[in-house]
Undergrad: 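Next up is a structure, given as structure tokens.
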Amino acid sequence: MAPAAPMGRGGSRAAPAAAAPPWHVLPDEVWEHAFSFLPADSDRGAAAAACRSWLRAERRSRRRLAVANCYAASPQDAVDRFPAVRAVEVKGKPHFADFGLVPPAWGAAAAPWVAAAADGWPLLEEISFKRMVVTDDCLEMIAASFRNFQVLRLVSCEGFSTAGLAAIAAGCRNLRELDLQENEIEDCSIHWLSLFPESFTSLVTLNFSCLEGDVNITVLERLVTRCHNLKTLKLNNAIPLDKLANLLRKAPQIVELGTGRFSADYHPDLFSKLEAAFAGCKSLRRLSGAWDAVPEYLPAFYCVCDGLTSLNLSYTTVRGPELIKFISRCKKLQLLWVMDLIEDRGLAVVASSCNKLQELRVFPSAPFDAAEQVSLTERGLVDVSASCPMLESVLYFCRRMTNEALITIAKNRPNFTCFRLCIIEPHTPDYTTHQPLDAGFSAIVESCKGLRRLSVSGLLTDIVFKSIGAHADRLEMLSIAFAGNSDLGLHYILSGCKSLKKLEIRDCPFGDKPLLANAAKLETMRSLWMSTCSLTLGACRQLARKMPRLSVEVMNDPRRRCPLDSLTDESPVETLYVYRTIAGPRFDTPACVQIV
Amino acid sequence: MAHDDLRGTELRLGLPGSESPDGRPTAATPTLDLLPSKGAKRVFAHEAQVPPAAASGDGNQAEAEVRGEGDKKVAAPPQPAAKWVPPADSLWAQVVGWPPVRSYRKNTMATSQLKSSKEESDAKQGQGFLYVKVSMDGAPYLRKVDLKTYKSYKELSLGLEKMFVDFSTGRSGSNGLKGKDGASESRNDGEFVLTYEDKDGDWMLVGDVPWKMFTDSCRRLRIMKGSDAIGLAPRAGGKSKNKN
């Protein structure tokens, strides 16, 4: 959205009626007010680049800051540039850390950010960390430093324990959201929940589903009872089913529920209790949980199915007709995450029942088992894409695929914004023609003009990358594994893909040439990850020399003690991680990571 | 541990098209030798080379192997004696971090499968994995190990040492995890002590009971500072506190 003309007009109308000054001498407050209507940070960034006075007005009024790579800028840079920030989000490790490809102790410590924020943003209200190392000290500092702290969101983080949570509970008087998603939290057997004072009632979101330890149920019940605004409650495994029913009765206003472990032997009275409790939750819209669910309990949920818009059953091992029956009653579903136990026949039912579906994720129940156990194939995805007109985001794990299916899917759903297909065995071709899946994925990128995220898999040659480079103009994130046959593949991507921000590649035969030939492209991107490709140390050194504003990190075998400096240019590089940064090289790398 | 540790022990699949007409990949065998690779697949020579000291001289050989020109097969290189088995993947996992399932999800599913099929596991061979948490005093975060990947206390001890090598405090190499049987020698008596929490919730010294009994009852591991481990010194008998 171009700020210039409308901004000028708005400005002159806001000025005093008597004399309308020329727009460029309007006081900063007017611009700050105007900028507050810009929806996206990128729009604010564009406005700030227009002229000095807009830069000043924009940065001084910026309330929300998202740092997508914690090493792209130093915490002090962020605090200095945007002094009025109230909400900050910082992301640390590269995405492939989720799959164990990043060495431990790689970095992404949250402590420097917390320290800088404590100093420079005393009015900070919200902190969000993703894939970072957050210690108990960090949490204690957060609790002590921000008097109006309201929202703490930790996603895929590690390094802290229930002691840190205790500090948050005890110290953050105005806490509204405590959202812990998929973190590794050490259990210190501290009753952190008890540390919320009796006078504390402001909680709106409480998510401790990833916590492995026990929780004092009585304390939880009292907390839930007194927090009348509680809208999101996601429990962990420790809460038994009958206690769930009690909690629901105390919080019938709940909108989002995570049930924790949902398993018990079937008892009719427990069933009735649950059913009654759910019947009272008229506002319930989002449901999740790690259900070793006994299928007999599923009907207890029937009364909420009508209103559900989001269903996350991706940890549920229930299969068969009960599962399908349950999902088919959720006619308003917009988001569905399931295991592949739903199989093609289940997805066929989803396709016909859930026409409002926007996002589908199908996870593998037995990813490491080579034997095919579930009948989930390309059919399921074809059915859903044919019948769900609003479907725009897919993550699909399966074991076989055909070009024809992908071409059909592309034709049915040109509105995909996110398409991630993972065919579990590397190099799997079209199972009917034994051809590479180039044609199928090419169809996807040619048809889905708004595609922002793509993950490819299966047997693929350089041809598919030519299509992606040429057609995927809006693509921001691309994940490639076990694909391509030469340097050309990478060259096509780096010389095309106009909007590319994140590229992550593993186990592909891409070498030095395309990397060096497209070095300038890397500065327009947020980051590049290449592991188990054909790179040499010499190329990395050359890249680093050529592009001083990139940080070039090389990661090798941690058992190897000799320093990188003594290795020759021809030495192979196991992992390369390159990102643009204004902060210069970082100093917190472990021994196996070196900045070239 | 770092994915690189796994290179020397991982299995490789050949290209399906090159192996058999119907496109199925060769079955993964539960050995830890490197299979010869074709085409795009390659062996990481810096892993394949045995002596880590002779690193720079091997550059050229490494490159030739890395390029994997044509159909040149790469012979399985000599493997180091003490096999490091990574904790993060079961024996049947072919490649590190593939398929791309989040570690969190893998661990959660492993735990739930373990809990829900305890009875079945006694009837069958047993689950393919047995993940327990490992904490080390002073380390910023925990790890998980699959006890099924070890066959003895010695292997476990070596494995844990490697896993926590980043947190070792200056003593070169071994921290000397102390245990009763076969654990590596300690350089400093009681520097670190390996303990575990058993089914009853008691904290025990690792090494007193036979390995199988240990894996059946171990719920989690803790590498304690020696100074905290007073009272858990190795002794001839079994459990330190028991109704006798």
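Per chain, numbering begins at 1; letters A, B, ... match sequence-line order. Values in this document were obtained by computation on a predicted structure and should not be read as measured data.
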Undergrad: Can you tell me which portion of A:Ile423 sits under 4.5 Å from chain B's heavy atoms? Options are side chain, backbone, both or neither.
TA: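 For A:Ile423, the backbone is the part near chain B, not the side chain.
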Undergrad: Just do the side-chain contact (heavy atoms from CB on, under 4.5 Å) check on A:Lys130 and A:Gln181 with the steps written out, would you?
TA: CA-CA 9 Å; A:Lys130 183 168 183 178; A:Gln181 299 178 27; over 6 Å; no
Undergrad: Is it true that the NZ or CZ of B:Arg219 lies under 6.0 Å from the centre of B:Tyr196's six-membered ring and within 45 degrees of the ring axis?
TA: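 Cation-pi check for B:Arg219 and B:Tyr196: fails.
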Undergrad: Where on A:Asn183 is there a heavy atom nearer than 4.5 Å to chain B: the side chain, the backbone, both, or neither?
TA: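 The answer is the backbone of A:Asn183.
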Undergrad: Less than 4.5 Å to any heavy atom of chain B: does that hold for the side chain of A:Ser314, its backbone, both, or neither?
TA: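 Looking at A:Ser314, backbone and side chain both touch chain B.
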Undergrad: Side chain, backbone, both or neither: which part of A:Glu184 has an atom under 4.5 Å from a heavy atom of chain B?
TA: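 Just its side chain gets close to chain B.
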Undergrad: Select, from A:Cys210, A:Ser479, A:Ser156, the one with the greatest count of heavy-atom pairs under 4.5 Å involving chain B.
TA: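 Sorted descending by pairs with chain B, the first entry is A:Cys210.
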Undergrad: Checking side-chain hydrogen bond (donor to acceptor under 3.5 Å, both in side chains) between A:Glu553 and each of A:Tyr577, A:Trp106, A:Trp529, which is the one that passes?
TA: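 Output: one option passes, namely A:Trp106.
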Undergrad: Give a yes or no on whether a salt bridge exists between A:Lys93 and A:Asp98, defined as a side-chain N under 4.0 angstrom from a carboxylate O.
TA: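 The answer is no: the pair does not qualify as a salt bridge.
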Undergrad: For A:Phe96, which atoms come within 4.5 Å of any heavy atom of chain B: side chain, backbone, both, or neither?
TA: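 No part of A:Phe96 comes within 4.5 Å of chain B.
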Undergrad: Between B:Leu221 and B:Val145, is a side-chain contact (heavy atoms from CB on, under 4.5 Å) present by the stated rule, with each step listed?
TA: CA-CA 9 Å; B:Leu221 289 162; B:Val145 285; 4.0 Å; yes
